[in-house]
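Read through the structure below, which is laid out as structure tokens, and then see the notes.
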Amino acid sequence: MAVTARLGAVVACVVLAAVAVAPRPAAGILDPVDFLALQAVRRSLDDMPGSAFFDGWDFTADPCGFPGVFCDGDRVAALALGDPRAGSPGLTGRLDPALGRLSALTELSLVPGRVEGELPASLASCSNLRFLAVSKNLLSGQIPDGFSALSNLRTLDVSFNQISGTIPPSIAALPSITNLILCHNQLTGGVPSFQDSSPLLRLDVKHNALSGGVPTLPSGLQYLSLSANKLTGTVDQVLPRLTRLNFLDLSMNLLEGPIPASVFSLPLSVLQLQRNFFAGPVQPSNDVTIPMVDLSYNRFWGQLSPLLAGVGQLYLNNNRFTGEVPARLVQELVGSGGLQVLYLQHNFLTGIEISPSSSLPSTVSLCLMYNCMVPPVYAPCPIKAGSQNTRPADQCPEWRG
């Protein structure tokens, strides 16, 4: 029995020793190509003063644990460069072409900072890329034509940079694109046409130097902002198809012609058409319930429609409207209804049914200056409305003072 006991003890020691020296399960090892690509990305970028984003990028450790690096197995699947907290400093430097070697990448984002240079054309090799957002930096150059290969791309946001050149028509043909945000750049040329089958929901190209007409757009579009460009032509054939719009801003262009009545029936939260050359009467077919409608600084004419009384903020100033202000508009304004702002200055209106002793609620704004009438109530107007209460009589054939 003693021999048996000693033999059992020896076997137990051998087993314990074997357990002690057995290798631990290997930690995930990043793909060598991705590892080298991340090193190149790190060399091309630096923290702005006050940022400590790259303090956690120690390449003696597992890169999948780095801030902003998200892995799927041994591949980098998402890369969020910079600290995303509001108000935190961003990064400086350039985006290295090595980003294109992260072939499993599905998301790439860059926080606002001072990153300059061009968008790497090599990103076209990231065939799985779904989300690309590099807003509010100093990026320049053109949108690479090769991005047409990104068949899975859903969001492209290069807003608030210095991107120039034209919008490649191939971008409009991307089969998965839902959000195209190119605003506040230096883009020229036209807005590309989209197939009606495009899944595009949001198109924002405001504050560029785009020219030409408003193109064919997919009927499923929900957000459209073309403001502050040099667009010309009419929109009466384009807008009626966009029945799902909830935001429309065509302001500060050179657009002309009439506005179809159907626009006022869209499920919009904002309708901004100001500072164009739109003309003709404004005749909604039903009560308008859009919270904010701005038609100012155009060439609209005719009488005001009482169907606009359901608007929250209504800017009709600097047009050519005539006749009397509908009583329904006044009732909504004075009676503290939904109408809170009614700007009618710089038209040819001849009257308004409101008592001179009426006290406007402090929550509403009314401006009647420079029409073909003496304003019956005092209401503070914007400074740019000028100081003349009434138009000269020779401009008002229906009113002689």
Within a strict 4.5 Å, meaning less than it, do heavy atoms of the Ile259 and Leu295 side chains meet? no

With no hydrogens and no angle check, do the side chains of Arg75 and Ser103 hold a donor and an acceptor under 3.5 Å apart? yes

Leu308 versus Leu316: any side-chain heavy-atom pair under 4.5 Å? yes

Polar contact flag, side-chain donor to acceptor under 3.5 angstrom, Tyr315-Gln313: yes

What's the verdict on side chain to side chain contact (heavy atoms under 4.5 Å, CB included) for Leu210 and Leu226, showing C-alpha distance, side-chain angles and the deciding distance? CA-CA 9 Å; Leu210 298 169; Leu226 307 178; over 6 Å; no

Decide yes or no for Leu304 and Leu349: does some side-chain heavy atom of the first lie under 4.5 Å from some side-chain heavy atom of the second? yes

To check you understand the geometry: which heavy-atom pair defines the closest contact between Trp57 and Pro67, and what is its length? NE1-O, 3.0 Å

Show the numbers, then the answer: is there a side chain to side chain contact (heavy atoms under 4.5 Å, CB included) between Ile163 and Leu187? CA-CA 6 Å; Ile163 304 295; Leu187 294 167; 4.0 Å; yes

Run the side chain to side chain contact (heavy atoms under 4.5 Å, CB included) check on Leu307 and Asn286 step by step: do they pass? CA-CA 6 Å; Leu307 297 177; Asn286 298 294; 5.7 Å; no

Sub-3.5 Å donor-acceptor pair from the side chain of Asn128 to the main-chain atoms of Ala77, do we have one? no

Do the side chain of Ser296 and the main chain of Gln274 share a donor and acceptor less than 3.5 angstrom apart? no

So, is the end of the Arg299 side chain (NZ or CZ) under 6.0 Å from the ring centre of Phe277 and within 45° of the ring's axis? no

Of all heavy-atom pairs linking Arg241 and Thr216, the shortest is NH1-CG2, 4.1 Å

Please determine which of Leu314, Leu342, Ile354, Val341 meets the side chain to side chain contact (heavy atoms under 4.5 Å, CB included) test together with Leu333. Leu342

For atom CD of Glu324, decide whether the heavy atoms of other residues, nucleotides or ligands shown that lie under 6.0 angstrom number more than 12. yes

With heavy-atom distances below 4.5 Å as the criterion, would you say the side chains of Gln345 and Tyr370 are in contact? no

Using only atom types and a distance under 3.5 Å, with no angle test, would you say the side chain of Asn208 pairs donor to acceptor with the backbone of Leu182? yes

Interatomic spacing from NZ in Lys206 to CG in Leu224 - rounded to 0.5 Å: 10.5 Å

Taking every non-hydrogen atom, the tightest pair across Leu81 and Leu95: CD1-CD2, 4.2 Å

If you measure from CG on Leu255 to CG on Leu273, what distance do you get to the nearest 0.5 Å? 9.0 Å

Checking Ser251 against Ser227: is there a side-chain donor and acceptor pair closer than 3.5 Å? yes

Measuring from atom CG of Leu79 to atom CG of Leu132, what distance do you get when rounded to the nearest 0.5 angstrom? 11.0 Å

Starting at CZ of Arg154, measure out to CD of Glu107 and round the result to the nearest 0.5 Å. 9.5 Å

For Glu353, does the CD atom sit with more than 12 other heavy atoms under 6.0 Å from it, leaving out its own atoms? no

Contact between Val115 and Val134 at the side-chain level, heavy atoms closer than 4.5 Å - yes or no? no

Check: Asp83 and Val111 side chains under 4.5 Å, non-hydrogen atoms: no

Would the distance check show the side chain of Asn152 and the main-chain N or O of Ser127 forming a donor-acceptor pair, the cut-off being under 3.5 Å? yes

Evaluate the side-chain hydrogen bond (donor to acceptor under 3.5 Å, both in side chains) criterion for residues Ser219 and Asp196: first the C-alpha distance (whole Å), next the side-chain angles of each, then the deciding distance (0.1 Å), finally the verdict. CA-CA 6 Å; Ser219 57; Asp196 193 58; 3.1 Å; yes

Could you tell me which non-hydrogen atom of Gln340 sits nearest to which non-hydrogen atom of Thr363, and how far apart they are? OE1-O, 3.2 Å

Cys183: disulfide (SG to SG under 2.5 Å) partners, not counting sequence neighbours: none

Is there a donor-acceptor pair closer than 3.5 Å between any side-chain N or O of Asn137 and the backbone N or O of Leu139? no

Any side-chain to backbone donor/acceptor pair from Asn253 onto Asn229? Under 3.5 Å, distance only. yes

In the structure I gave you, are the side-chain heavy atoms of Ile29 and Phe35 within less than 4.5 Å of one another anywhere? no

Taking Gly257's backbone N and O only, do any of them form a donor-acceptor pair with Asp236's side chain (distance below 3.5 Å, no angle check)? no

Between Asn298 (side chain) and Phe300 (backbone), is there a donor-acceptor pair under 3.5 Å? no

Is Asn371 reaching over with its side chain to a backbone N or O of Phe348, donor-acceptor style, under 3.5 angstrom? yes

So, do Arg43 and Asp96 sit near enough that their side-chain heavy atoms are less than 4.5 Å apart? no

Write down the atom of Leu119, the atom of Phe147, and the distance for their closest heavy-atom approach. CD1-CE2, 4.3 Å

Of Val311, Asp294, Val293, which is the lone residue that meets side chain to side chain contact (heavy atoms under 4.5 Å, CB included) with Leu271? Val293

Distance, nearest 0.5 Å, that separates NE2 of His207 from OG of Ser225: 7.5 Å

Specify the closest pair of heavy atoms between Cys381 and Leu368, including all atoms of both residues, with the distance to one decimal. SG-N, 4.1 Å

Trace of the side chain to side chain contact (heavy atoms under 4.5 Å, CB included) decision for Asn179 with Asp157: CA-CA 8 Å; Asn179 298 286; Asp157 181 357; over 6 Å; no

With rounding to the nearest 0.5 angstrom, report the CZ to CG distance, Arg244 to Asn246. 11.5 Å

Determine yes or no for a side-chain-to-main-chain donor-acceptor pair under 3.5 angstrom, with Ser135 supplying the side chain and Ser159 the backbone. yes

